[in-house]
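Just so you know, these numbers use all the heavy atoms, side chains as well, and skip hydrogens, waters and symmetry mates. A quick note: this is a predicted structure, and the numbers were derived from the prediction, not measured.
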Amino acid sequence: MDAEQLRENGHKMVDFIADYYKSIENFPVLSQVEPGYLHELLPDSAPNQPETLQQVFDDLQAKILPGVTHWQSPNFFAYYPSNSSTAGFLGEMLSAGLNIVGFSWITSPAATELEMIVVNWLAKMLNLPDDFISAGKGKGGGVIQGTASEAVLVVLLAARDRVLRNVGKTALEKLVVYGSDQTHSALQKACQIGGIHPENCRLLKADSTTGYALSPDLLSEAISHDISNGCSRKSIGIVEAQNRLERIPDELLKEVVGTTSSTAVDPLLELGKVTKSNGIWFHVDAAYAGSACVCPEYRHYIDGVEEADSFNMNAHKWFLTNFDCSVLWVKTNDGNALIQALSTNPEYLKNKASDANMVVDYKDWQVPLGRRFRSLKLWMVLRLYGVENLQRYIRNHIKLAKQFEELVAQDPRFEIVAPRKFALVCFRLLPPHSNEDNSSKLNHDLLDTVNSTGKVYISHTVLSGKYTLRFAVGAPLTEERHVIEAWKVIQEKASSLLSELGMNGVS
């Protein structure tokens with residue numbers, strides 16, 4: 001790499017990205033292209049001779065950006081946010097520039113040690129128990145995964161192998177995993193990868209009576225039901241060596257702080273007591289809402305995390321850290337189970353520091369061998385913004401979501417479907433004459449018409465059989481005016497749809 005060429009082209013790329021952000025509101029939030037559009041615009045094979053950076057920029061503008069859905073747009077309210085920031089971008093830039101592959105301590109000591117330090121900083125901001133703090137020699141602490149899906153996979157593998165070491169590998173077919181039916185689909189994918197039979201992934205019903213949180217009583221009933229149906233000897237019952245006064249874990253319970261559909265919060269303390277009494281690995285997924293818990297007034301949502309074996313939050317969702325950066329903490333007494341499940345030690349990776357057990361090798365905390373220097377992003381964010389500004393950032397989005405919720409509540413044509421806890425509002429357009437048969441189509445049509453304007457992008461879910469619209473505030477550039485304008489678009493399109501129904505005589 002030529003340093004001066006990098007300097008020249010790097011300046012141009014930064015200018016291009018800065019101009020993109022400056023004009024981001026001019027783009028339709030949701031890409032309006034049709035499937036396969038890019039195949040019509042780009043050649044079938046790579047060029048034989050080098051092209052200029054300007055030619056690439058021209059194609060970016062004319063061919064790539066039209067096919068981009070603009071997640072950083074201030075009018076992006078779909079799914080959950082995926083934050084970008086100047087600090088996060090600079091950290092990503094630095095990581096790409098250094099381009100290390102830090103799978104073990106010796107491959108770049110700073111990469112391992114900085115990761116341990118910044119995840120400890122974040123753990124302290126969240127007031128996590130000391131058992132989640134890295135002491136420097138492995139066994140427990142924090143690690144940066146790519147996504148929460150990877151985090152739940154690796155803890156499921158650790159929980160699975162911990163059980164199988166006790167009861168034998170033939171018990172795999174009887175291992176059971178519990179979660180709420182509001183949990184992310186990543187749990188089911190982790191079960192598929194981990195060899196858990198689909199019928200043994202128990203997604204227990206959560207509904208509006210509990211605010212879509214999982215009931216501890218329901219969990220206890222499910223465990224008792226499994227024991228009474230003969231699973232106990234191999235997976236969740238008393239160990240066959242009766243003099244050992246412990247229960248064999250049925251493997252894992254995954255609970256959520258801020259569910260995907262509605263940001264429901266499961267009662268961690270009560271669920272933790274159930275899991276502890278049954279020897280179950282207790283994993284808490286706070287991928288989205290964990291960021292809010294750096295604010296003291298929201299920390300109570302993770303009360304009971306001291307009962308958990310593992311805890312996860314995505315700094316890349318709502319914490320100004322560019323994708324990907326998902327932080328997983330594993331308790332000191334469970335960290336060894338994670339390492340045993342994922343560790344390999346071929347001759348060509350052996351070294352003095354690792355052999356002496358003096359260091360952490362993060363290759364043994366994840367599925368792949370190679371890993372990027374992701375901690376640089378989080379380090380830059382924490383240093384360049386500071387705790388108080390990050391708290392202010394979170395509080396502002398929650399305030400804007402509350403304002404949107406109030407706007408919805410003031411219009412009798414709409415209803416709030418689930419309680420708002422953070423910065424997500426779940427709502428729907430009520431069907432004329434309370435005719436629920438038309439409700440799903442009405443709200444589906446409203447979603448499509450709103451998104452097709454290009455002015456706003458929202459998404460949906462289904463709660464208690466109701467097709468529900470989701471409005472998630474969290475883009476870094478979003479201001480009050482964007483929320484108000486988005487509501488005007490939704491109201492305008494709702495009025496048009498209701499008018500059409502009236503004209504067509506449909507009730």
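Atoms OG1 and CZ, from Thr461 and Arg428 in turn, are 13.5 Å apart once rounded to the nearest 0.5 Å. Atom CG of residue Leu446 and atom CG of residue Leu429 lie 6.0 Å apart, to the nearest 0.5 angstrom. Taken to the nearest 0.5 Å, the CG atom of Leu94 stands 12.0 Å off from the NZ atom of Lys377. Taken from NZ in Lys493 to CG in Leu447, the straight-line distance is 13.0 Å, to the nearest 0.5 Å. Residue Ile394 holds its CD1 atom at 10.5 Å from CD of Glu297, rounded to the nearest 0.5 Å. Annotation: the span from Ile196 atom CD1 to Leu156 atom CG amounts to 5.5 Å, rounded to 0.5 Å.
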Next item on the list: Report the C-alpha separation of Ile193 and Leu157 in whole Å, then their side-chain angles, then the decisive distance to 0.1 Å, and conclude whether the side chain to side chain contact (heavy atoms under 4.5 Å, CB included) test is met.
Entry: CA-CA 9 Å; Ile193 296 170; Leu157 296 175; 5.5 Å; no
Next item on the list: Tell me, with the steps shown, if Ser291 and Met313 meet side chain to side chain contact (heavy atoms under 4.5 Å, CB included).
Entry: CA-CA 7 Å; Ser291 297; Met313 69 157 278; 3.4 Å; yes
Next item on the list: Check step by step if salt bridge (charged side-chain N to carboxylate O under 4.0 Å, His left out) holds for Glu415 and Lys466.
Entry: CA-CA 11 Å; Glu415 75 167 349; Lys466 296 177 180 178; 3.4 Å; yes
Next item on the list: Evaluate the side chain to side chain contact (heavy atoms under 4.5 Å, CB included) criterion for residues His283 and Leu328: first the C-alpha distance (whole Å), next the side-chain angles of each, then the deciding distance (0.1 Å), finally the verdict.
Entry: CA-CA 10 Å; His283 176 62; Leu328 169 68; 3.9 Å; yes
Next item on the list: Determine, step by step, whether His70 and Tyr20 satisfy the ring-ring contact (aromatic ring centres under 6.0 Å, His included) criterion, reporting the C-alpha distance in whole Å, the side-chain angles of both residues, the deciding distance to 0.1 Å, and the verdict.
Entry: CA-CA 10 Å; His70 301 277; Tyr20 164 72; 5.6 Å; yes
Notebook entry, point to check: Ser149 and Lys189: side chain to side chain contact (heavy atoms under 4.5 Å, CB included), yes or no, with the steps?
Noted result: CA-CA 8 Å; Ser149 300; Lys189 182 177 283 191; over 6 Å; no
Next item on the list: Take Glu270 and Lys273, measure what salt bridge (charged side-chain N to carboxylate O under 4.0 Å, His left out) needs, and give me the verdict at the end.
Entry: CA-CA 5 Å; Glu270 294 84 353; Lys273 291 175 181 176; over 6 Å; no
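A cation-pi arrangement is present between Arg470 and Tyr80 under the rule of less than 6.0 angstrom and at most 45 degrees off the ring axis.
In summary, the side chains of Arg413 and Ser495 do present a donor paired with an acceptor at a separation below 3.5 Å, with no hydrogens or angles considered. Side-chain contact, Tyr178 with Asp226: a donor N or O sits under 3.5 Å from an acceptor N or O. Side-chain contact, Ser215 with Asp217: no donor N or O sits under 3.5 Å from an acceptor N or O. Checking Asp59 against Gln55 by side-chain atom types alone, no donor-acceptor pair falls below 3.5 Å.
For Gln72 (side chain) and Ser84 (main-chain N/O), a donor-acceptor pair under 3.5 Å exists by modelled atom type. Judged by distance alone, the side chain of Ser31 and the main-chain N or O of Pro66 form a donor-acceptor pair under 3.5 Å. Ser220 places a side-chain N or O within donor-acceptor distance of the main-chain N or O of Pro216, the cut-off being under 3.5 Å.
Taking the side chain as every heavy atom from C-beta outward, Tyr393 and Val294 never approach each other to under 4.5 Å. At a threshold of 4.5 Å between non-hydrogen side-chain atoms, the residues Met380 and Ser85 do not count as touching. Residues Val456 and Trp487 fail the side-chain proximity criterion, which asks for heavy atoms closer than 4.5 Å. Annotation: side chain of Leu203 is in contact with side chain of Gln188 (closest heavy-atom distance under 4.5 Å). Using a 4.5 Å heavy-atom threshold, the side chains of Gln366 and Val143 count as separate. With contacts defined as side-chain heavy-atom distances shorter than 4.5 Å, the pair Asn9/Lys12 qualifies. In this structure, the side chains of Val462 and Thr468 stay at 4.5 Å or more apart for every pair of heavy atoms. In this structure, Phe319 and Leu382 have side chains that are in contact, with non-hydrogen atoms separated by less than 4.5 Å.
Lys402 meets the side-chain contact (heavy atoms from CB on, under 4.5 Å) test with Glu405, Glu406, Arg420; sequence neighbours excluded.
The pair Glu115-Arg371 meets the salt-bridge criterion, since a charged nitrogen lies less than 4.0 angstrom from a carboxylate oxygen. Between Lys441 and Asp437 there is no salt bridge, since no side-chain N of the basic residue sits under 4.0 Å from a carboxylate O of the acidic one. Using a cutoff of 4.0 Å between basic side-chain nitrogens and carboxylate oxygens, Glu307 and Lys276 are scored as salt-bridged.
Residue Glu34 qualifies as open at atom CD: its count of foreign heavy atoms under 6.0 Å is 12 or below. Within a 6.0 Å radius of CZ in Arg383, other residues, nucleotides and ligands contribute 12 heavy atoms or fewer. Counting non-hydrogen atoms of neighbouring residues, nucleotides and ligands closer than 6.0 angstrom, the CD atom of Glu199 exceeds 12 such neighbours.
Tyr457 and Tyr79 have their aromatic ring centers within a separation under 6.0 angstrom. No close placement of the Phe77 and Phe404 rings is indicated, their centers lying 6.0 Å or farther apart.
Just one residue in the list Val29, Thr478, Val473 forms a side-chain contact (heavy atoms from CB on, under 4.5 Å) with Pro74, and that residue is Thr478. For the side-chain contact (heavy atoms from CB on, under 4.5 Å) with Val450, the qualifying choice from Leu30, Asp445, Ile490, Leu469 is Ile490, the only one to do so.
Aromatic ring orientation, Phe57 versus Phe16: parallel (interplanar angle below 30°, classes split at 30° and 60°).
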